[in-house]
Each structure stands twice: as C-alpha cells, then as structure tokens.
4 protein chains.
Amino acid sequence: MTSESTSNSTKDIILERALEQYMEVGYKGLSMRNIAQKVGISATAIYRHYSNKEALFHQIIKTGFGTYTKYLMPALEADTAEKRFRQTLENALNFVLDHPKYFELIFVKSDTKDELANHDDLRKDSKISFDFYSARIHECIKEGVFKEDHPGEVSVLLLASFTGFFSLYIGGLLPRSEDEVRALYWRTVNRILNGISIT
Amino acid sequence: MTSESTSNSTKDIILERALEQYMEVGYKGLSMRNIAQKVGISATAIYRHYSNKEALFHQIIKTGFGTYTKYLMPALEADTAEKRFRQTLENALNFVLDHPKYFELIFVKSDTKDELANHDDLRKDSKISFDFYSARIHECIKEGVFKEDHPGEVSVLLLASFTGFFSLYIGGLLPRSEDEVRALYWRTVNRILNGISIT
Amino acid sequence: MTSESTSNSTKDIILERALEQYMEVGYKGLSMRNIAQKVGISATAIYRHYSNKEALFHQIIKTGFGTYTKYLMPALEADTAEKRFRQTLENALNFVLDHPKYFELIFVKSDTKDELANHDDLRKDSKISFDFYSARIHECIKEGVFKEDHPGEVSVLLLASFTGFFSLYIGGLLPRSEDEVRALYWRTVNRILNGISIT
Amino acid sequence: MTSESTSNSTKDIILERALEQYMEVGYKGLSMRNIAQKVGISATAIYRHYSNKEALFHQIIKTGFGTYTKYLMPALEADTAEKRFRQTLENALNFVLDHPKYFELIFVKSDTKDELANHDDLRKDSKISFDFYSARIHECIKEGVFKEDHPGEVSVLLLASFTGFFSLYIGGLLPRSEDEVRALYWRTVNRILNGISIT
DNA sequence: TATGAATGAGTATTCATTCAT
DNA sequence: GATGAATGAATACTCATTCAT
C-alpha cells in the first residue's frame with residue numbers, strides 16, 4: 001500500500017483497473033460494468049467504494065498527480081541548481097517510463113482538462129507539479145547555468161520539448177527499448193540546451 | 001466563417017459539427033443523434049450522407065490530414081533550404097492557429113491512432129505530412145544550415161518541440177492573443193536553434 | 001412476359017427479387033431498400049409500381065398460387081381418373097422442382113397464412129388448388145381405383161404425405177439430384193398406395 | 001397452465017413469451033421490447049437473463065428439442081418393436097397436441113434451420129430425435145413387422161407423412177377437437193401401413 | 001461488503017414512407 | 001418513371017444507477 005503501484009484493497013484494485021480501461025477508451029468509454037468485470041466483482045459493488053463514476057475518475061486523476069509529484073520531489077536533495085534541474089528531468093523520464101498511462105492522463109487527455117476546470121483541488125495538484133518545474137528553471141537562470149533569458153519563456157520551451165518528446169514516445173514513434181529511449185532523451189536534452197544551428 | 005473550411009452542403013455541415021463534437025467528447029462520446037441535432041436535421045438523416053459513424057469519423061481525419069498538407073506544401077516554393085524550413089514552421093503555426101481542432105485530432109487524440117492503425121489510406125496521408133517535415137530538416141543539415149548532426153534525431157527534437165508547443169497552446173497554457181503566440185513561437189524556435197545554456 | 005418465370009418490366013423484376021428475398025428472410029425481413037438495391041433502382045422507385053410493402057407481398061402470393069394452378073390444370077386432359085390423378089402428382093412435383101420457393105411460400109410460410117386470413121381473393125386462389133387435388137381423389141375412389149374409403153380422409157393422407165415429402169426435400173433432407181428425387185418420389189407414392197406393412 | 005412447461009422464474013417466463021411471439025412473427029420479427037412488455041418488465045431487463053436475442057432464441061430451440069426428446073423416449077419401455085413404433089407415433093402426436101408451437105419451431109420454421117446450421121449443440125439435439133424415429137422403423141423391418149423394404153426410404157415416407165399430417169393440423173386444415181384429430185391420426189396411420197389402393 | 005434484478009436514458013442503425021424535383 | 005433528402009418509429013443493445021437482500 002505504500003508503494004505507488006502495488007495495492008491490495010478492493011478499492012485500490014478498482015482504481016488500477018479503471019485507470020487501465022480509461023487509457024484505452026477515454027471517459028465516455030469507461031464503464032462501471034467493465035471495470036467490475038476486470039476486478040472480478042459485480043458492477044454495483046463499485047458503489048461501495050466510489051459514490052459514482054465521476055468520483056472514481058476524480059480519484060484516478062488525483063492519484064496521477066500525486067504519483068507524479070512523488071517522482072519529482074526527491075530532486076530537491078541535490079546540491080546545485082543544475083543538478084536539481086537535471087535530476088528533475090531524470091525523474092520526469094522515470095515517471096513516464098514507469099507510468100506512461102499517468103503521463104498521458106495528466107498531459108494529454110482532454111477529459112482531465114475538463115475535470116481540472118471544475119475542481120479546485122485537482123487544479124492545486126496540477127499547479128504543484130508545474131511550479132516545481134518552473135522553479136528549477138528559474139534557479140538555473142539565476143545561478144548562471146542558463147543564458148540570461150526570460151525564465152517563463154524558457155520554461156515554455158523546456159516544458160513543450162519534454163512533453164512533446166514523451167508524446168512521441170507514448171505514440172510509438174520512438175525506439176521501444178527503454179535504454180535507447182533514455183539515451184535519445186539525454187542527447188535531445190543536450191541539443192536543446194546547446195542549440196542545433198551553426199551560428 | 002470566411003475561412004476556406006466553410007461550406008454549405010448538408011454533408012459538409014455534418015462533417016464540421018461532427019469535428020467540433022468529437023473534439024469535446026472523443027470518438028466514444030461522438031453521438032449521431034447529437035450531431036444531427038446541432039445540424040438541425042433528424043438523427044437518421046446523417047445516414048443519407050455517411051454510411052455509419054466510423055465512415056464519418058474516417059472522413060473527419062482524412063479532411064484533417066488533407067488540410068494540414070495543404071498548409072505545408074506552399075513552403076516548397078521558397079528558394080533555399082532554410083527558407084523552406086522556416087516557411088514550413090510558419091505554415092504549421094498557421095494551421096494550428098486556424099484549425100486548432102484539426103491539430104489536436106492529428107497529433108494528440110488517441111482515437112486517431114486507432115483509426116490510422118486500421119486504415120492504410122489514412123496512414124498514407126499521415127506519412128506524407130511527417131515526411132515533409134523530415135525532408136526539410138535533412139535539407140538544412142545537408143546544406144550546412146544546421147550543425148552536422150544525426151538528421152533523424154534532430155527531426156525528433158524539432159517535432160517534439162513544436163508538437164509540445166502547440167499542445168501547450170491548445171491546452172490554454174500560453175497567451176491567448178494570436179499575435180503574442182506568434183511572437184513567442186518564433187522566439188522559442190530561435191532558442192531551440194541556438195540553444196539556451198551557456199556552454 | 002407470357003412465360004411464368006421470365007419477365008422484363010421493372011414491375012415484374014421487382015416481384016421476382018422480392019420473392020427471392022422473402023424466402024431468405026421472411027416478411028419482416030423483407031426490405032424495400034434491399035429489393036430496390038437488387039433490382040438496381042432507388043428504394044422509392046418501388047412505390048411507382050406497388051403502393052406499399054403489403055401490396056407487393058400480396059402480389060407475390062397471388063403469383064405463387066397462380067403459377068401452381070397453371071401447373072396442375074393440364075392434368076385434366078388425361079382420359080382416366082387414375083391418369084388424371086397420377087398426372088396431378090407429376091405436375092405438383094414439377095412445380096416444386098421448378099419453383100421450390102413458391103412451394104415453400106404456399107405450403108410452409110406462416111406469413112402467407114396471415115395474408116390468406118385477411119384477404120378473400122387469396123383465399124379463393126388457395127381453395128382452387130386444394131379442391132383440384134380433392135377432386136382427383138374423389139374421382140379415383142368413385143371409379144374404383146382406390147379402395148372404398150372416406151374420400152376426405154384419403155385426401156388428408158395424400159395431401160399430408162406429399163406436402164411432407166416436399167418439405168423434406170426443401171429442407172435438404174433428401175438427395176439433391178433431381179433424377180433421384182423424382183425416382184424416390186414415385187417409389188414413395190407407390191408405397192403409400194400399396195401400404196408398407198405385412199398384413 | 002398446469003402443464004409441465006410452466007414455471008415461475010422471470011427467466012422462464014421470458015422464454016415462454018418469446019416462444020409465443022416467435023411463432024407469430026419469426027426471428028426477424030421477434031422483438032426484445034415486445035417480449036419484455038408481455039412479460040411485464042423493462043426492455044433491458046431481459047439482458048439480465050439472456051445475453052442477447054440470439055442467445056434467447058438458441059434457448060428456445062434447445063428447449064423445444066429437449067421437450068420433444070422427453071416425449072419420445074418412454075416409448076423404449078415397450079417390449080416389442082411394433083409396440084415401440086406405435087408408442088413413438090403416439091408420443092409424437094401427444095407432443096404436437098401439447099406443444100404445437102414447438103412442433104412448428106422444430107419441423108417447419110426455416111429460422112431454426114439457420115440456427116441448426118451454425119450451432120453444433122443444436123444439431124446434435126436434432127439428430128437425437130431424428131435417429132430415434134429411424135431406429136424404430138429399422139427395428140420393425142428387421143423383426144418382420146413391415147414388408148422387407150428399404151429402411152431409409154420407409155423412414156422418409158413415414159417422416160414425410162407425419163410431418164405433413166401435423167403441418168395440416170397446425171395450419172388449421174384438420175378438425176379442431178383433440179379427440180377427432182387423434183382418431184383421424186390413427187386411421188391415417190393404418191391407411192399408410194396398409195395402403196389405400198386396391199391392388 | 002457484496003449481489004442480482006431492474007430501470008430509464010441513451011447509443012447506432014434500419015425501415016417504410018413522403019415529398020420536392 | 002425515377003431520384004435524393006428527409007422523417008419518425010422501431011430495433012438490439014449498453015450504461016450508470018437504485019434497491020432489496
């Protein structure tokens with residue numbers, strides 16, 4: 001129960017199966033019946049644990065953001081801004097490789113946006129992870145690791161690049177082997193940091 | 001409304017409303033009833049124009065790819081590799097600003113991937129636009145506009161960056177004003193080309 | 001146009017295709033759309049020729065009875081009761097072999113019974129063919145070809161036997177070759193006439 | 001209502017009403033809505049008991065064959081081939097009088113043939129009853145009850161006759177009173193066994 | 001905690017038919 | 001004679017949810 005992917009209670013198993021099914025078919029395709037079948041309980045048993053479909057979905061997103069934050073946070077333990085920044089990139093990569101479905105849920109699925117728009121608590125969770133990223137970049141600029149530049153816009157650039165990179169990975173357009181993806185990731189990071197054009 | 005995507009036949013109106021609704025709720029949420037209601041015809045009248053829901057969706061995607069390609073192609077008229085590359089970026093930006101829903105459909109929605117997986121004709125359409133992008137980058141490397149580098153990996157970087165940038169825009173995380181987005185886009189392009197770190 | 005199975009007018013072609021489709025799927029499965037498609041005209045064009053689905057079906061049955069009667073009648077030309085009886089059996093067999101679908105329509109399909117129940121003209125057509133049969137049997141008893149027996153009950157026996165025989169044939173439970181069926185038919189007729197048990 | 005086919009569970013009631021409706025309108029005309037209405041439950045409640053329309057129809061046929069077999073089997077207890085044969089005829093008659101709709105379903109309806117063609121288990125059920133019939137006839141020939149004759153062809157004759165007789169009964173062409181039909185049945189049986197013609 | 005029965009709204013789709021052309 | 005567009009009713013089926021047990 002303390003590990004982020006293992007759990008034993010029926011409630012947690014429902015959540016896991018629901019996440020899996022959601023990633024396949026989206027919110028509208030998410031079916032209490034189908035989840036129940038995968039869990040091995042009756043459809044109505046779910047209502048013992050979640051008051052309705054939306055409450056269950058809400059919990060899926062909440063768990064996604066929580067897991068993401070758990071991955072990012074340890075980067076704070078490094079002792080320089082650059083190390084904290086690079087560790088954040090490493091942690092984000094690990095998150096995506098470990099939980100591609102959560103990444104997709106958080107960064108890609110539009111259902112999530114709708115849910116964010118309507119629920120303050122989720123918006124707060126979302127802000128935490130975005131801000132973490134920005135803070136690392138601000139640090140780097142402040143400490144001279146990056147060129148003197150507009151911190152918000154550099155954040156945009158990096159966030160866009162990494163989100164895009166992961167999207168390509170999720171979409172199956174990058175090499176499948178984890179080692180290859182890791183290596184390509186860091187080469188891509190370096191290209192972005194150093195630029196690709198001649199002058 | 002004055003843009004080139006407007007048309008008057010019932011068939012085209014259905015297509016437009018279907019696209020709109022698809023972007024809100026995905027394939028599973030796409031409802032023939034609902035489309036019909038928005039168009040102002042009976043639910044079954046749609047079948048006069050599209051044989052079924054999937055045929056309608058297929059046409060949505062096909063039109064999306066077709067429109068995208070129409071935006072990209074004119075870049076070939078420029079007379080240097082770099083100009084063709086920059087014009088391609090410009091055209092892609094215009095496409096996203098003019099047709100954000102088509103962008104989302106093509107680059108983000110997973111339903112589209114399923115459809116691509118099952119239909120050769122769509123896969124061909126998809127390949128055309130991806131290859132166009134790659135070809136521009138290869139040219140630039142070959143002609144010394146970019147550093148000597150692995151062309152495929154530079155493609156990955158650029159594709160990831162722009163896809164990510166547009167995703168942020170679509171997701172509402174960038175300034176709304178078109179002028180501001182355009183300016184930010186080009187500053188971001190330049191940062192990627194030139195790098196952001198000091199050495 | 002004078003032959004019972006060939007015709008050229010659209011009206012007749014519709015009738016033929018409708019009969020074919022009816023035999024496959026029954027009245028409820030009979031579809032104006034589907035008939036039209038087989039004929040090669042639009043669904044609504046049928047209404048130029050038949051005022052609605054029931055009128056079309058009515059004509060199918062009427063044609064079926066008419067054709068059956070046309071097969072039976074020539075038996076009257078034979079010069080003895082027994083010859084007329086045997087010729088009637090021969091003609092009925094020919095009708096079934098030539099038009100198995102009409103046989104099925106007339107003797108098996110319950111939709112036909114419904115239609116008969118509601119339409120006097122069809123009931124009259126039906127009576128003509130049944131009476132023809134009975135009349136041949138009455139003749140045979142009267143002229144001593146058959147044992148002195150209850151004519152109505154002998155009719156029942158013969159009608160049951162031949163209807164049943166044809167049903168087995170239609171149902172695919174008898175040999176397929178026409179020659180074999182013909183031979184088996186006559187052996188069966190003789191067994192019925194002569195009995196099968198020892199005493 | 002006091003007969004052995006009545007039962008009280010919703011599942012069984014659905015089956016009975018479905019059978020009734022099927023006999024009126026055939027498979028295509030069989031409507032889940034309509035069955036539900038007759039049972040007095042909502043249209044969708046049926047799916048709690050039968051996974052879909054075909055599963056329900058399948059069960060109808062299966063029950064029909066099962067019932068028929070239950071009627072025939074006790075004939076085996078008689079102690080001579082002739083008695084077993086005559087008892088089989090008696091049992092078949094009882095089956096038809098008790099369950100005319102099942103008879104029609106099994107021997108007449110073409111939908112059943114389609115279903116048989118596609119489902120091994122039903123085909124097996126069907127074979128059991130046909131073989132039972134044949135076996136009784138073979139016995140009779142072997143034991144000299146019938147003339148030395150081709151057993152398969154005698155089977156055809158008898159099967160055809162009785163199927164045809166019952167068809168006439170079902171079709172309303174025979175006397176309605178059960179006693180009269182029983183008497184006519186046995187007179188017809190005797191006529192078939194003994195022949196009707198003079199020589 | 002869990003289940004089975006049931007419901008009512010909603011889904012895609014087919015159909016006979018009408019109407020304007 | 002024929003068509004294409006459209007309609008409204010009907011069909012099988014799925015779904016979230018409630019309730020009694």
Side-chain angles (χ1 to χ4, degrees), chain A residues 9-11 14 25 27-37 39-57, chain B residues 9-11 14 25 27-37 39-57, chain C residues 9-11 14 25 27-37 39-57, chain D residues 9-11 14 25 27-37 39-57:
Chain A
S9 75
T10 301
K11 184 164 186 171
I14 291 170
V25 290
Y27 183 76
K28 283 254 181 178
L30 192 61
S31 142
M32 303 301 258
R33 269 162 148 68
N34 213 304
I35 295 168
Q37 196 191 326
V39 175
I41 58 177
S42 77
T44 56
I46 295 180
Y47 291 87
R48 284 287 137 193
H49 306 284
Y50 300 93
S51 59
N52 55 34
K53 184 177 165 181
E54 218 208 318
L56 174 55
F57 183 50
Chain B
S9 76
T10 301
K11 184 165 186 168
I14 291 170
V25 290
Y27 184 76
K28 281 249 183 182
L30 194 60
S31 146
M32 301 301 259
R33 264 168 163 47
N34 213 303
I35 294 167
Q37 197 191 327
V39 175
I41 56 178
S42 77
T44 57
I46 294 180
Y47 292 87
R48 180 63 38 191
H49 306 284
Y50 299 93
S51 59
N52 55 37
K53 183 177 165 181
E54 218 208 315
L56 173 55
F57 183 48
Chain C
S9 75
T10 300
K11 183 164 186 171
I14 291 170
V25 291
Y27 183 75
K28 282 255 181 180
L30 193 61
S31 141
M32 302 301 258
R33 270 161 149 68
N34 213 305
I35 296 167
Q37 197 192 326
V39 175
I41 57 178
S42 78
T44 55
I46 295 180
Y47 290 86
R48 284 286 137 193
H49 305 283
Y50 299 94
S51 60
N52 55 34
K53 185 177 165 182
E54 218 209 317
L56 173 55
F57 182 51
Chain D
S9 76
T10 301
K11 184 164 186 170
I14 291 170
V25 289
Y27 183 76
K28 282 249 184 184
L30 194 59
S31 146
M32 301 302 259
R33 261 176 217 283
N34 213 304
I35 296 167
Q37 196 191 326
V39 175
I41 56 178
S42 78
T44 59
I46 294 180
Y47 292 89
R48 180 62 40 189
H49 306 284
Y50 299 93
S51 59
N52 54 38
K53 184 177 165 180
E54 219 208 315
L56 173 55
F57 183 48

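As the structure is a prediction and not an experimental result, all values here were calculated from the model. By convention in this document, chain letters (A, B, ...) are assigned in the order of the sequence lines, proteins followed by strands, and residues within each chain are numbered from 1.
Where D:K28 and B:S42 each meet DNA chain F at their nearest nucleotide, the meeting point lying more 5' is that of B:S42. Heavy-atom distances to DNA chain F give each of A:Y27 and C:I41 a nearest nucleotide, and the one nearer the 5′ end belongs to C:I41. Mapping C:N34 and D:G40 onto DNA chain E by nearest heavy atom places D:G40 at the nucleotide closer to the 5' end.
Remark: the separation of the C1' atoms in E:dT1 and F:dT21 is 13 Å, to the nearest Å.
For B:I35 and E:dG10, the CD1 to C1' distance is 15 Å, given to the nearest whole Å. The CG-C1' distance, from B:L56 to E:dT11, rounds to 15 Å in whole Å. Atom CZ in B:F57 sits roughly 17 Å away from atom P in E:dT11 (whole-Å rounding). Distance B:K11 NZ to F:dA6 P: 12 Å, rounded to the nearest Å. The interatomic distance linking D:M32 (CE) with F:dA9 (C1') rounds to 19 Å, in whole Å. Distance, C:R33 CZ to F:dG4 P: 13 Å, rounded to whole Å. For A:Q37 and E:dG4, the CD to P distance is 13 Å, given to the nearest whole Å.
If you take CG on B:N52 and CD1 on B:I46, they are separated by 11.5 Å, rounding to the nearest 0.5 Å. We find the CG-CE distance between D:N34 and D:M32 to be 11.5 Å, quoted to the nearest 0.5 Å. Interatomic distance, NE2 of A:H49 versus OG of A:S9, reported as 8.0 Å (0.5 Å rounding). Taking OG of C:S42 as the reference point, atom CZ of C:R33 lies at 11.0 Å (rounded to 0.5 Å).
Near DNA chain F, defined here as any heavy-atom distance below 4.0 Å, the residues from residues 43-53 of chain D are D:T44, D:Y47, D:N52, D:K53, listed numerically.
C:K53 places a side-chain N or O within 3.5 Å of a backbone atom of C:L30 that can act as its donor or acceptor partner. Put simply, the side chain of B:Y50 gets close to the backbone of B:K11: a donor and an acceptor are under 3.5 Å apart.
Note on C:L30: only backbone sugar-phosphate atoms sit closer than 4.0 angstrom, heavy atoms only; bases stay farther off.
Here D:T10 does not reach the OP1 or OP2 of E:dG4: none of its side-chain N or O atoms lies under 4.0 Å away.
The shortest side-chain heavy-atom distance between B:I41 and B:I14 falls under the 4.5 Å cut-off. In this structure the side chain of D:K28 never reaches within 4.5 angstrom of the side chain of C:Y27, judged on heavy atoms.
DNA chain F contains the following stems of three or more consecutive Watson-Crick or G-U pairs, with both distances under 3.5 Å: E:2-21 with F:2-21.
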